[in-house]
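In listed order, ligands and their atoms are each counted from 1. Sequential numbering from 1 along the given sequence is applied to the chain's residues. Below, each value reflects all heavy atoms present in this structure, side chains not excepted, and no hydrogens, waters or symmetry copies.
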Amino acid sequence: MVQKPKGTYDVIGEKGKEILYLEKLLTSLMEKYNYQYIRTPIFENSELFHRGVGETTDIVTKETYDFKDRSDRNMTLRPEGTAGVVRSFLENKMYATETFPSKNWYLGPMYRYERPQAGRFREFYQFGVEVFGADSAMMDAEVISIPVTFYKLLGLKGVKVKINTLGDNVSRENYHRALIQYFEPYIEDMCEDCKARFLKNPLRILDCKKDSHKDYMKSAPKIIDYLNSESKVFFENVCKYLDALEIDYEIDTSIVRGLDYYTHTVFEVEANIKGNACALCGGGRYNHLVENIGGPSTPGVGFALGFERLISVLEEENIELCSSKAVDVYVFANTLEENKEVFAFVQMLRMNGFSADTDYMDRKYKANFNRADRLGAKYIAIIGKEEVENHFVTFKDNQTKEEYHVHMENVISFLDERIEEEE
Ligand code: AMP
């Protein structure tokens, strides 16, 4: 039998409900924050990611799914969401039509050819936001507050922001020089990846997982000491606005983020999972990305969070997503003769806002009760010859087992009184 590709997974059964629940929660959160939904293609011209995400970023150099289409064009399955959203912002001239800030959110699959392991897949889902046009510390704090609020709403404990700044271009260049000078004597001790990073982007040496324990890493220069005054003030203001929202944060100079395009604020949000801090998402400010991709100078800030990691930590923490929404009414016919009336009745219930299901397989009376239980039906409705002739329905409360004969005209008000409306 043909099996699914390595690093992918199917969503089946209860998992589907959990994912839809998370999506619904995010959709309603984004409405409250007044962000608009944006959807871009899953594949883009390869060049977009090389120019956008950066030539020294692992996800572009080693992990993309590249292919040629039938007209020999170079295409890439998107490894992240930002580059496509920026392209769309430019191509649709949103910089001319939108009032700033233009606040956008997306949700969809991303593709990276990584070694699959716990919580890491080759196809995975990210929710993210991208905000254009506001070079404002308040904006950064708002963006950071989105995953923080979301994780808290889900009931995660110890939600904390790790934040750092990379400063503006001037500060970054000063820091870049200091890092080259500092790391040069240690090149021989570095892993192969860091040797390459030394030449291309020494900042990335700081977030190397392999070399992090080495002595020379501990006393590496810190960006904070190379910030010019504008960058310092910007960062202080971000912290001030985080304070205003009473968000728990810690300045962590080892956070540099894997992507080349960040300036100023970079952050990760973590939660406490079984006593350990666990990073769940990350993002930052990218004031030159829009220009790099060929647009007018436009500041941006955003973040992305992965669904898979989140779902596994929710499981570890035994947090149940209120996803097992039971069906309101299970309807069946007493004999095959009433199937048509039953079918129409089920549809009428659905159109009036109730979830309803029925028997499509001519089950026996008892088997229908079993099925109603499996679906968790709150009410069972039975329609037989007598019901059809006299325009009523027999309802059974599946909890109390009480029985009611309800005239067709009163069915909706009967159910309205008994079944609470769900969000
Ligand atoms: P990044 O785009 O690398 O900054 O990642 C943002 C978030 O996406 C991470 O915190 C993870 O939750 C998630 N993520 C990144 N890569 C993967 C992957 N291969 N599989 C599952 N989730 C991922």
Side-chain angles (χ1 to χ4, degrees), residues 4-11 15 19 22 26 40 42 44 48-49 52-54 56-65 76-86 105-130 143-144 146-148 150-151 154 156 159-164 166 193 201 203-204 206-209 252 254-263 265-271 273 276-286 289 300-317:
K4 61 184 178 334
K6 195 173 166 189
T8 65
Y9 63 96
D10 300 313
V11 172
K15 275 273 165 302
I19 282 171
L22 291 176
L26 285 167
T40 63
I42 283 169
E44 297 269 4
L48 174 70
F49 300 109
V53 184
T56 67
T57 305
D58 281 357
I59 65 170
V60 169
T61 51
K62 296 190 204 144
E63 295 171 5
T64 47
Y65 275 88
T76 296
L77 295 183
R78 62 184 184 196
E80 54 91 61
T82 307
V85 173
V86 173
W105 70 274
Y106 63 83
L107 174 68
M110 306 294 160
Y111 299 85
R112 294 183 194 172
Y113 196 80
E114 293 194 72
R115 196 167 62 78
Q117 48 188 298
R120 279 239 170 287
F121 295 87
R122 289 183 171 171
E123 180 188 69
F124 58 97
Y125 275 70
Q126 280 188 340
F127 161 82
V129 311
E130 310 296 347
V143 166
I144 294 170
I146 293 171
V148 170
F150 177 55
Y151 295 142
L154 286 171
L156 286 172
V159 177
K160 187 170 184 177
V161 179
K162 293 262 178 109
I163 188 170
N164 189 20
L166 303 176
D193 283 343
N201 186 357
L203 193 67
R204 296 276 336 273
L206 298 172
D207 77 345
C208 177
K209 300 281 175 283
D252 180 344
S254 74
I255 305 257
V256 296
R257 307 285 304 137
L259 310 179
D260 284 355
Y261 50 59
Y262 289 116
T263 49
T265 315
V266 280
F267 70 93
E268 290 182 358
V269 181
E270 59 180 36
I273 310 299
N276 298 313
C278 172
L280 290 176
C281 77
R285 175 162 283 281
Y286 47 83
L289 180 60
V301 55
F303 85 94
L305 70 81
F307 263 46
E308 292 73 15
R309 189 85 174 275
L310 174 63
I311 288 176
S312 69
V313 303
L314 290 171
E315 266 167 26
E316 278 179 57
E317 288 292 285

query: Quick one: does Arg120's side chain have a donor or acceptor within less than 3.5 Å of a partner on Gly7's backbone?
result: no

Shortest non-hydrogen pair, Asp252 vs Asn164, comes out as O-CB, 3.3 Å

Near Cys281 (heavy-atom distance under 4.0 Å), the atoms of ligand 1 are 10 (O)

Just checking Tyr113: does its OH atom have more than 12 heavy atoms from other residues, nucleotides or ligands closer to it than 6.0 angstrom? no

Output for pair (Glu114 CD, Phe124 CZ), nearest 0.5 Å, gives 6.5 Å

#### Entry: Note, Ile255 side chain near Ile163 side chain (heavy atom, < 4.5 Å)
no

Legend entry - Val256 side chain near Val266 side chain, heavy-atom distance below 4.5 Å: no

In ligand 1, the atoms that come under 4.0 Å of a heavy atom of Phe121 are 18 (C), 19 (N), 20 (N), 21 (C)

- prompt: Using the ring of each side chain (for Trp, its six-membered ring), is Tyr125 parallel, tilted or perpendicular to Phe307, with breaks at 30° and 60°?
  reply: tilted

Contact region, Arg120 to ligand 1, non-hydrogen atoms below 4.0 Å, reads both

If you compare Pro116, Ala118, Gly119 by their heavy atoms, the one closest to atom 21 (C) of ligand 1 turns out to be Gly119

A student checking ligand 1 against Ala304 at a 4.0 Å heavy-atom cut-off should list atoms 6 (C), 7 (C)

Under 4.0 Å from one or more heavy atoms of Glu114, ligand 1 contributes atoms 16 (N), 17 (C), 18 (C), 19 (N)

Item to complete: Tell me, please: is Gln126 in heavy-atom contact with ligand 1, that is, under 4.0 Å?
Response: yes

With heavy atoms and a 4.0 Å threshold, my read on which part of Leu280 contacts ligand 1 is backbone

Of Gly284, Gly306, Gly7, the one whose closest heavy atom lies nearest atom 11 (C) of ligand 1 is Gly306

